[in-house]
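The structure appears right after this line, and notes come after that.
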Amino acid sequence: MPKVAVVTGGTRGIGYAISIALKDRGFRVAANYAGNDNAAQQFQAETGIPVYRWDVGDYEACATGLKRVASDLGPIDVVVNNAGITKDAMLHKMTPEMWNEVIRIDLGSMFNMTQPVIEGMRNRNWGRIINITSINGQKGQMGQTNYSAAKAGVIGFTKALAMETAKKGVTVNCVAPGYIDTEMVQAVPEKVLESIVAQIPVGRLGTCTEIARCVTFLASDEAGFITGSTLTANGGQYIAG
Ligand code: NDP
């Protein structure tokens, strides 16, 4: 029986590459997204992967969406918590809305997407939770107190849940990308991009495929002894202990 994987934010950017990579390795994949129907339809046409629209910041929407995926594809074996947003400002200029929305989506989604599936994984004695954090959750970043706090919270969530589920064959890990060649990064002015790349020892941006490779590794049976860890993929920009 092929295993079933749900990828949040699986229709664009890094999530797009993760969805395809899991499909290529034999998983039955469901790709979730927030509201960009055009991108989702294009993704579905290109990949044949079914798409599901719901807000990962909303617990009830996640519980309902996950039930739909399970009834369409089968019990959920892998959750990749990839969806994330930024709303940047220095703290003295940050509004409560900017703070709350980033915490709700980037950190709240960990609970919302994982709590409804974890009991089933425990009962079946196999599961993989893979959470996409960020270099900026590890080292902090000016203008991103909300995002850095949420992404650091993702790492804490991962460690605690890893302890809870280790005996049940369920591993819980993070992938922490550095600067990746996504649409968002491509939109940065050339001079700024040059200064970013200058801080990356390998001398280039990462690719979405390189992050997807980290995820497929952690999703595999061979990664069963790895849990509670953060797989850092940032070209040496920040070497965390
Ligand atoms: P993109 O902005 O390219 O894609 C975001 C995806 O997430 C889209 O599919 C979007 O759906 C979905 N999404 C956003 N909000 C929600 C929501 N509330 N509910 C459901 N889906 C949602 O993101 P990236 O590929 O750049 O980033 C992916 C992850 O990697 C994020 O967690 C990000 O923080 C992290 N990361 C990215 C880095 C980078 O260099 N890009 C570096 C380090 C970490 P829709 O299309 O409908 O809007």
Side-chain angles (χ1 to χ4, degrees), residues 6-21 29-44 47 49 51-62 64-66 69 79-88 100-113 130-141 144 146-155 157-158 174-188 192-193 196-197 199-200 204-212 214-215 230-235 237-238 240:
V6 181
V7 183
T8 69
T11 58
R12 286 201 290 123
I14 294 171
Y16 189 118
I18 294 171
S19 297
I20 293 176
V29 179
N32 150 270
Y33 70 105
N36 189 334
D37 293 317
N38 286 343
Q41 291 312 320
Q42 195 182 331
F43 165 86
Q44 183 164 353
T47 64
I49 295 170
V51 295
Y52 295 82
R53 177 175 166 165
W54 75 77
D55 175 5
V56 296
D58 176 338
Y59 177 77
E60 291 304 328
C62 290
T64 308
L66 287 162
V69 172
V79 172
V80 184
N81 283 313
N82 164 75
I85 62 161
T86 53
K87 288 201 182 294
D88 296 353
N100 288 332
E101 194 61 354
V102 169
I103 299 295
R104 185 181 78 85
I105 292 175
D106 294 7
L107 183 56
S109 61
M110 297 295 134
F111 176 81
N112 300 339
M113 282 296 300
I130 301 160
N131 301 322
I132 309 302
T133 177
S134 166
I135 185 174
N136 293 345
Q138 295 173 302
K139 71 171 188 57
Q141 176 61 37
Q144 288 195 328
N146 50 3
Y147 184 80
S148 298
K151 292 297 192 180
V154 169
I155 296 173
F157 172 88
T158 299
C174 288
V175 175
Y179 283 85
I180 306 303
D181 193 6
T182 55
E183 277 172 36
M184 187 184 72
V185 174
Q186 281 158 14
V188 168
V192 179
L193 198 56
I196 291 173
V197 172
Q199 293 165 32
I200 304 174
R204 63 170 176 85
L205 300 171
T207 67
C208 293
T209 312
E210 286 172 317
I211 302 307
C214 297
V215 172
T230 297
L231 178 49
T232 294
N234 63 26
Q237 186 180 353
Y238 179 71

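Atoms within a ligand are numbered from 1 in the order they appear, just like the ligands themselves. Quick caveat, the model's predicted, so the values are computed rather than measured. Counting begins at 1 with the first residue of the sequence.
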Of all the heavy atoms in [X], does at least one lie under 4.0 Å from an atom in ligand 1?
X: Asp55; value: yes
X: Gly178; value: yes
X: Arg53; value: no
X: Thr133; value: yes
X: Tyr16; value: no
X: Ala39; value: no

Side chain, backbone, both or neither: which part of Lys151 comes within less than 4.0 Å of ligand 1 when only heavy atoms are counted?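 Looking at Lys151 and ligand 1, just side chain atoms fall under 4.0 Å.
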Gap between atom [atom2] of [Y] and atom [atom1] of [X] - 0.5 Å precision:
X: Asp58; Y: Ser109; atom1: CG; atom2: OG; result: 12.0 Å
X: Gln141; Y: Ser134; atom1: CD; atom2: OG; result: 8.5 Å
X: Asp181; Y: Ile14; atom1: CG; atom2: CD1; result: 10.5 Å
X: Leu193; Y: Tyr179; atom1: CG; atom2: OH; result: 10.5 Å
X: Cys174; Y: Met110; atom1: SG; atom2: CE; result: 7.5 Å
X: Ile49; Y: Ile20; atom1: CD1; atom2: CD1; result: 6.0 Å

Residue [X] vicinity, atoms of ligand 1 by number, heavy atom under 4.0 Å:
X: Thr11; value: 9 (O), 46 (O)
X: Ile105; value: 18 (N)
X: Ala83; value: 7 (O), 13 (N), 21 (N), 22 (C), 32 (O)
X: Ser134; value: 43 (C), 44 (C)
X: Asn32; value: 20 (C), 21 (N)
X: Gly84; value: 31 (C), 32 (O)

Who's the nearest protein heavy-atom neighbour of [atom], and how far?
atom: atom 3 (O) of ligand 1; result: Gly13 CA, 3.7 Å
atom: atom 10 (C) of ligand 1; result: Arg12 NH2, 3.9 Å
atom: atom 29 (C) of ligand 1; result: Asn82 O, 3.1 Å
atom: atom 6 (C) of ligand 1; result: Gly9 CA, 3.5 Å
atom: atom 30 (O) of ligand 1; result: Ile132 CG2, 3.5 Å
atom: atom 40 (O) of ligand 1; result: Ile180 N, 3.0 Å
atom: atom 19 (N) of ligand 1; result: Val56 N, 3.0 Å
atom: atom 14 (C) of ligand 1; result: Ile85 CG2, 4.0 Å

In the structure I gave you, are the side-chain heavy atoms of [X] and [Y] within less than 4.5 Å of one another anywhere?
X: Ile18; Y: Ile132; result: yes
X: Asn234; Y: Ile200; result: no
X: Asn36; Y: Thr11; result: no
X: Arg53; Y: Asp37; result: yes

Check for a donor-acceptor pair, side chain of Asn32 on one end and backbone N or O of Gly9 on the other, with a separation under 3.5 Å.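 Yes, Asn32 side chain to Gly9 backbone: donor-acceptor pair under 3.5 Å.
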Is a side-chain N or O of Thr8 found less than 3.5 angstrom from the main chain of Asn82, in a donor-acceptor match?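 Yes, Thr8 side chain to Asn82 backbone: donor-acceptor pair under 3.5 Å.
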Heteroatom proximity flag, [X] to ligand 1, N/O under 3.5 Å:
X: Ala34; result: yes
X: Val185; result: no
X: Asn36; result: yes

Quick test of your reading of the structure: of [options], whose heavy atom lies closest to [atom]?
atom: atom 34 (O) of ligand 1; options: Trp54, Tyr147, Phe43; value: Tyr147
atom: atom 43 (C) of ligand 1; options: Gly65, Cys208, Pro177; value: Pro177
atom: atom 26 (O) of ligand 1; options: Asp58, Ile211, Thr182; value: Thr182
atom: atom 24 (P) of ligand 1; options: Val102, Val7, Ile14; value: Ile14

Any salt bridge linking Lys87 with Asp106? Criterion: basic side-chain nitrogen under 4.0 Å from a carboxylate oxygen.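 Looking at Lys87 and Asp106, the cut-off is not met.
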Given Thr232 and Gln138, is the side-chain hydrogen bond (donor to acceptor under 3.5 Å, both in side chains) satisfied, shown in steps? CA-CA 10 Å; Thr232 294; Gln138 295 173 302; 3.0 Å; yes
How about CD on Glu183, more than 12 heavy atoms from neighbouring residues, nucleotides or ligands closer than 6.0 Å, or not?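 Count not over threshold, so no.
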